[in-house]
Amino acid sequence: MALSDEFLDDLRRRADIESTVSSYVSLKRKGKILTGLCPFHNEKTPSFTVYPETQSYYCFGCGNGGDVITFIRNIENLDYMEAVKFLADRHGVSMPQDGFDAGLSKKRTEMYGANREAARFFHAKLYSPEGRQGLEYFYSRGLTDDTIRHFGLGYAPNSWHELENYLVSKGYSQQLLYEANILRSTVKNGKRYYYDAFKNRAMFPVIDLRGNVIAFSGRRIHDEDSDRKYVNTSDTLVYKKGSNLFALNFAKKSKSDSIILCEGNLDVISLHQAGFTNAVAGLGTALTEEQAHLLSHYAGEIFICYDSDEAGQKATRKAINILGKTTLKVRIIHMTGGKDPDEIIQKFGAEGFRRCLDSAANDVEFSLLSERSKYDISSPAGRSDYLKAAAAVLASLNSPVELDIYISRLSEEFSVNKDAIAAQVKIERAKRAKKQRNELYREVRDAVINQGDKINKVNTQRAKALRAAKAEEILIASFMSDPELYRKLESKLSPELFVTDFNRRVFSAISERSKDGRPIGLSFLASEFTPDEISVIARIETLSTDISNSLRECEDCINVLKDEKNRHIGVKPSEMSDEDFINLFK
């Protein structure tokens, strides 16, 4: 449905882009703009820019840009109308009710409903005679009924069709349930058969930050069973495992400025029950950059609390590298007396885990210990190799005081002159600086390529008509910055003058709004263009800061377009007006 300019203007004023983006990205002011690390791609040098004056943003690294609606659309994985409703709900703006909940949005809403009903079904089964073994399993892990209810835990019955029949009776189609990964299917003799995705398992619902049930994790009840330990929901329309975290909906309400990152759901639940309500876990995959950025929105410090076995330590090292790209301070919990948080709490209670938390090492100490385990320090060669590896770890430190403390500690332990270790650190810093320069070069190169690819994908004619396209973009940027310029040049311009189809569409949209005296801006164009197209328009809008936005400049661009149009359509000089001929000759 079409949203009125009045509604969009009200929404844009209330959903200020600076405050909206700041809840997801750490921004620093630079004059009239704000910059930060882009939430849509991995980068070390901030290229994500917010423009409060135009209520827009643009990333010069990946080419993602738009208005506040586009930002929410991209970061929350919503369609256009869902993003509008998301902002309207957040800021108390009444949403027009004439049929916006259609198409993809309707399917998403139905999928949320199906997941919610499935969660209710599983929880009810847990407390039925049929679910006794599931309830006994949770009791055996030390969970109370209050905790079970708090997390909505449940039991999937030992049946292939009980959940299917229940949800179909509630009006949900098998196809929708299949797309939600609540059901799975097989084909026999050319006919498709559906069956429950979860059978005879302890069930853990995954809930997003808005309180929607979006997925499930099902654990086998008896470890001696041959079934795989966990069965998890695959990615769906409402769920992407690499973008969500188990129990973040609860942890974000914690008063702590830290997050405890665990491996398993039961570790998290045990910690919450013991009072550590800032615990979260991944969802069946290694920590992703998206999850790391998400965590940085809710805390300043993170405690990595992975299992103490080799697989857990390997995952810890990977997590340190990923979290190191965020603003989070990283600490690593070393668990003495148990392999995971659940076991520590079972053996030593909440105080036992608190001791582990209080003695957590920082990422440097963990890396030094990890390197130490690789070498035989009883031999001179082993000590030498370890100290070189330790120097490489210390090369990442920026604090001279912290560096001196670690160098002094190594010097005393291994009876090696401090100057020798410091010299090795200097060598490693030079290597590190060279590596960072190469990474920065690749980042900038990839940014240019990615941005160019996105622009050329949207405006497929741009590369072959670059001079005309640039003139078109200057005109569009000028008119978006100062609509009065368009009104002064209206008689000299028409969509037919534009060489590239995409820029012609953008100009047509702007000119139609100008003729009707309607406002011009990304928020008023977002419903007419795809997110990728809006990103390209956002890039064009940023040009207004580097051009004169003058009548003379616009007239020069019009002359360029006339020239290029004549080149493309092959108009004969004898058929040109005197003015066009003189411009062509020039």
Side-chain angles (χ1 to χ4, degrees), residues 114-115 117-143 147-148 151-168 174 177-188 192-207 213-236 239-242 244-247 262-270 281-286 306-307 309-312 314-315 338-343 346:
N115 282 326
E117 285 294 343
R120 289 172 176 166
F121 172 86
F122 291 139
H123 186 69
K125 283 294 175 184
L126 183 67
Y127 284 95
S128 72
E130 192 178 359
R132 187 66 198 174
Q133 59 176 330
L135 191 59
E136 287 176 352
Y137 169 76
F138 287 129
Y139 287 159
S140 73
R141 302 304 296 259
L143 303 187
T147 298
I148 290 170
F151 283 91
L153 305 183
Y155 171 73
N158 194 15
S159 165
W160 289 119
H161 299 286
E162 195 169 343
L163 177 61
E164 175 191 359
N165 293 336
Y166 172 78
L167 292 176
V168 168
Q174 290 175 312
L177 298 173
Y178 173 72
E179 291 178 23
N181 209 221
I182 295 171
L183 299 184
R184 294 183 181 169
S185 73
T186 185
V187 177
K188 292 181 180 179
R192 182 172 296 278
Y193 295 89
Y194 294 96
Y195 59 93
D196 292 353
F198 302 97
K199 176 176 179 285
N200 191 30
R201 288 183 175 271
M203 297 301 297
F204 302 81
V206 179
I207 302 171
V213 179
I214 56 175
F216 295 94
S217 179
R219 191 195 190 283
R220 70 186 180 201
I221 293 173
H222 305 293
D223 284 336
E224 62 271 14
D225 290 347
S226 59
D227 292 343
R228 52 185 171 143
K229 190 173 183 179
Y230 281 96
V231 172
N232 299 308
T233 300
S234 302
D235 286 357
T236 68
Y239 172 66
K240 186 179 178 185
K241 64 175 75 72
N244 294 277
L245 289 146
F246 181 75
C262 306
E263 278 193 86
N265 299 348
L266 279 168
D267 293 328
V268 170
I269 295 171
S270 293
L283 293 162
T285 63
Y306 287 172
D307 291 358
D309 56 18
E310 178 56 35
K314 185 177 179 181
K339 71 178 189 325
D340 56 38
D342 182 44
E343 189 171 322
Q346 296 293 338

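Considering only heavy atoms from C-beta on, H123 comes within 4.5 Å of I148 through its side chain. With a 4.5 Å cut-off on side-chain heavy atoms, I207 and F151 do not count as touching. At least one side-chain heavy atom of D227 sits under 4.5 Å from a side-chain heavy atom of R201.
Partners of E130 under the salt bridge (charged side-chain N to carboxylate O under 4.0 Å, His left out) rule, at least two apart in sequence or in another chain, are K125. When the salt bridge (charged side-chain N to carboxylate O under 4.0 Å, His left out) test is applied to R132, the partners found at least two apart in sequence or on another chain are E136.
When all heavy atoms of V168 and Q174 are compared, the closest pair comes out as CG2-CG, 4.1 Å. V213 and P205 make their closest contact through CG1-CB, 4.2 Å (heavy atoms, listed as atom of the first residue, atom of the second, distance). Taking all atoms of both residues into account, the shortest heavy-atom contact from A119 to F216 is N-CZ, 3.6 Å.
Relative ring orientation between Y195 and W160 is described as perpendicular, the plane-to-plane angle rising above 60° on a 0-90° scale split at 30° and 60°.
Side-chain N or O atoms of D342 include none that pairs as donor or acceptor with a backbone N or O of S270 at under 3.5 Å. With hydrogens and angles ignored, the 3.5 Å screen pairs a side-chain donor or acceptor of N181 with a backbone N or O of S234. Under the 3.5 Å distance criterion, the side-chain polar atoms of D196 are matched with a main-chain donor or acceptor of E162.
Here CG of L167 is found 9.0 Å from CG of N115. Values are rounded to the nearest 0.5 Å. Note that NZ of K241 is 9.0 Å distant from OG1 of T233, once rounded to the nearest 0.5 Å. The distance from the CZ atom of R141 to the CD atom of Q346 is 7.0 Å, given to the nearest 0.5 Å. Taking CD from E343 and CG from L266, the interatomic distance works out to 13.0 Å, rounded to the nearest 0.5 Å. Here the straight-line distance linking atom CZ of F121 with atom CG of L126 works out to 12.0 Å at 0.5 Å rounding. From R220, atom CZ reaches atom OH of Y137 across 9.5 Å, with rounding to the nearest 0.5 Å.
Between the side chains of N200 and Y155, a donor-acceptor pair is found at a separation under 3.5 Å.
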Evaluate the ring-ring contact (aromatic ring centres under 6.0 Å, His included) criterion for residues F138 and F204: first the C-alpha distance (whole Å), next the side-chain angles of each, then the deciding distance (0.1 Å), finally the verdict. CA-CA 11 Å; F138 287 129; F204 302 81; 5.7 Å; yes

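Within a 6.0 Å radius of NZ in K199, other residues, nucleotides and ligands contribute more than 12 heavy atoms.
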